[in-house]
Visitor: 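Sharing a structure, written as structure tokens. Questions coming.
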Number of protein chains: 2
Amino acid sequence: MNTLAEENYLKSIYHLSMDAGNVSTNQIAASLKTKASSVTDMLKKLADKALINYTRYQGVSLTPSGEKIAINIIRKHRLWEYFLVEKLNFKWDQVHDMAEEMEHISSAELIDRLDKFMDYPQHDPHGEPIPDCNGRFKAHELKPISALSVNDSGIISGVRDHTSSFLQYLEKQQLVIGKKIAITEIISFDHSVVLQVENIKEVHISREVANNLLIAL
Amino acid sequence: MNTLAEENYLKSIYHLSMDAGNVSTNQIAASLKTKASSVTDMLKKLADKALINYTRYQGVSLTPSGEKIAINIIRKHRLWEYFLVEKLNFKWDQVHDMAEEMEHISSAELIDRLDKFMDYPQHDPHGEPIPDCNGRFKAHELKPISALSVNDSGIISGVRDHTSSFLQYLEKQQLVIGKKIAITEIISFDHSVVLQVENIKEVHISREVANNLLIAL
DNA sequence: CTCATAATTTAGATAAGTCTAAATTTTTTA
DNA sequence: TAAAAAATTTAGACTTATCTAAATTATGAG
């Protein structure tokens with residue numbers, strides 16, 4: 001159907017589109033760790049296939065069919081991550097690279113059966129929503145801890161940064177998906193935050209961590 | 001580590017080596033549905049990497065490191081096939097193409113955990129032995145039904161042909177792995193065979209089917 | 001043992017995806 | 001708003017894996 005490289009470009013464009021509207025050549029190059037000139041070549045190819053809207057120097061957006069492909073890859077990525085954590089007992093910081101390979105397994109029937117096997121999970125191990133077999137999912141409406149005020153509380157439901165060092169740090173602090181937290185104090189000097197984690201313990205996190213840890217109210 | 005194409009060549013050479021000693025360029029070309037000239041190019045590359053023993057016009061064999069890689073790919077293929085049948089409820093005739101993709105997922109830890117998750121199966125859905133994480137497995141010593149005589153009996157334990165039409169035919173006749181059969185009659189005219197399948201029914205199979213259905217005595 | 005045929009390899013081309021370096025367009029800034 | 005800087009594209013080259021057609025080597029039939 002589509003090559004591995006094409007799939008990775010579509011996925012990257014999809015993710016970058018979440019932040020901004022039109023995605024630039026340089027953004028794609030950075031996200032795929034490739035050169036801008038390589039990106040331009042691929043953009044022409046994807047535009048020829050009507051998977052993106054592209055005019056020279058103007059950045060790109062996905063067409064409906066491009067978006068459909070991207071969402072399907074993301075569905076596969078997240079279902080495989082869920083499988084790796086829930087069935088094979090990997091930690092949430094270990095699964096990304098494996099899922100990067102597995103998301104390209106083509107069979108739709110396979111992924112639908114995997115979905116059923118795991119009883120149709122709604123979120124992957126990092127809290128991201130898993131699209132259903134029609135590509136539909138509810139975008140989660142989460143706030144970073146840094147947007148909360150003292151005495152606000154909520155449930156840890158996602159992370160903005162997915163690097164393993166960040167995930168390992170969170171795990172060590174028991175700041176994992178599902179935990180209830182309340183804001184005890186916000187240090188005005190550096191915007192760091194003191195949290196009460198359920199009734200377990202108090203944790204002091206930096207502004208950077210607070211920016212990357214997402215809460216459902 | 002190795003490219004997808006290299007892995008497929010090594011696997012093909014491994015399988016072909018089972019029948020004959022040295023494998024010819026044309027055999028590989030036929031098995032990979034490619035051209036002999038393409039095979040020659042790849043053989044040079046694999047020889048440079050010390051994965052095969054190759055001298056011009058003389059055919060090839062795997063070196064120990066080439067064999068290790070091949071067996072690992074076969075291990076992955078068979079474990080994924082087992083997973084697809086046992087966990088996702090696919091039929092034995094549906095899983096080959098999916099496993100062809102999945103066998104290239106690189107993580108050794110993933111495959112070892114999958115192995116454990118399924119409780120270390122010894123055979124894939126077609127009766128082929130699954131190598132352990134050190135590449136060891138007992139080569140199964142099976143005979144085709146065509147090698148048996150009247151009143152011989154045994155357990156269906158493998159198939160020589162893996163095409164889905166053959167597997168579907170066997171399934172319809174209830175000639176599946178694990179079933180006990182006994183030879184009732186051999187028709188001398190065409191070497192077709194009449195079988196008693198457990199206490200269920202009698203089946204009449206052609207010489208060709210008898211050649212491709214393997215029995216443990 | 002020799003010659004025709006079959007098998008294999010070499011030569012040269014192609015397509016996908018990438019790169020560097022140079023050219024072009026857009027954006028910023030003074 | 002014109003020049004400098006940044007972003008993007010083009011041009012040309014490289015790698016991997018493939019192909020066709022031609023050349024070479026091996027094999028086997030008489």
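None of the values given here were measured: they were computed from a predicted structure. Order of the sequence lines fixes the chain letters, A, B, ..., with proteins taken first and strands second; residue numbering starts at 1 for each chain.
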Visitor: Atom NZ of A:Lys44 to atom C1' of D:dA11: distance rounded to whole Å?
Guide: 10 Å
Visitor: Roughly, in whole Å, what's the span from CG in B:Asn8 to C1' in D:dT16?
Guide: 14 Å
Visitor: For the residue pair A:Val193 and A:Ser206, establish whether any side-chain heavy-atom pair is separated by less than 4.5 Å.
Guide: no
Visitor: If we ignore angles and hydrogens, is there a donor and acceptor under 3.5 Å between the side chains of A:Ser146 and A:His191?
Guide: no
Visitor: Quickly work out the B:Leu46 CG to D:dT16 C1' distance and round it to whole Å.
Guide: 13 Å
Visitor: Measuring to OP1 and OP2 of D:dT10, would you say a side-chain N or O of A:Arg56 lies under 4.0 angstrom away?
Guide: yes
Visitor: Quick check on D:dT16: is either OP1 or OP2 less than 4.0 Å from any side-chain nitrogen or oxygen of B:Lys45?
Guide: no
Visitor: Is there a side-chain contact between A:Tyr9 and the phosphate of C:dT18, meaning an N or O under 4.0 Å from OP1 or OP2?
Guide: yes
Visitor: Does a side-chain N or O of A:Ser38 approach OP1 or OP2 of C:dT18 to a distance below 4.0 Å, or not?
Guide: no
Visitor: What is the separation between atom CD on B:Gln58 and atom P on D:dT24, rounded to the nearest whole Å?
Guide: 18 Å
Visitor: Kindly say if B:Lys35 contacts the phosphate of C:dT8, meaning a side-chain N or O under 4.0 Å from OP1 or OP2.
Guide: no
Visitor: Any cation-pi pair here, B:Lys87 with B:Phe117, using under 6.0 Å and within 45°?
Guide: yes
Visitor: Compare side-chain N and O positions of B:Thr34 against OP1 and OP2 of D:dA17 and report whether any pair is under 4.0 Å apart.
Guide: no
Visitor: Answer yes or no: does a side-chain N or O of B:Tyr57 lie under 4.0 Å from OP1 or OP2 of C:dT10?
Guide: no
Visitor: Rounded off to whole Å, could you give me the CG-to-C1' distance for the A:Asp41 and D:dT8 pair?
Guide: 12 Å
Visitor: Find the distance A:Asn2:CG to C:dA16:C1' and express it as a whole number of Å.
Guide: 14 Å
Visitor: Look at the side-chain N and O atoms of A:Asn26 and state whether any lies under 4.0 Å from the OP1 or OP2 oxygen of D:dT8.
Guide: yes
Visitor: Taking atom CD1 of B:Ile215 and atom CD1 of B:Ile145, what is their separation to the nearest 0.5 Å?
Guide: 4.0 Å
Visitor: Toward the 5' end of DNA chain C, which comes first, A:Leu4 or B:Tyr54, by nearest nucleotide?
Guide: B:Tyr54
Visitor: Do the side-chain N or O atoms of B:Ser37 get closer than 4.0 angstrom to the phosphate oxygens (OP1, OP2) of C:dT9?
Guide: no
Visitor: Determine whether the side chains of B:Asp161 and B:Thr163 contain a donor N or O and an acceptor N or O closer than 3.5 Å.
Guide: yes
Visitor: What's A:Thr40 touching, base or sugar-phosphate or nothing? Going by heavy atoms closer than 4.0 Å.
Guide: base
Visitor: Take the protein atom CG of A:Asp48 and the nucleotide atom P of C:dG17, then report the distance between them rounded to whole Å.
Guide: 13 Å
Visitor: Roughly, in whole Å, what's the span from CD1 in A:Ile28 to P in C:dT18?
Guide: 12 Å
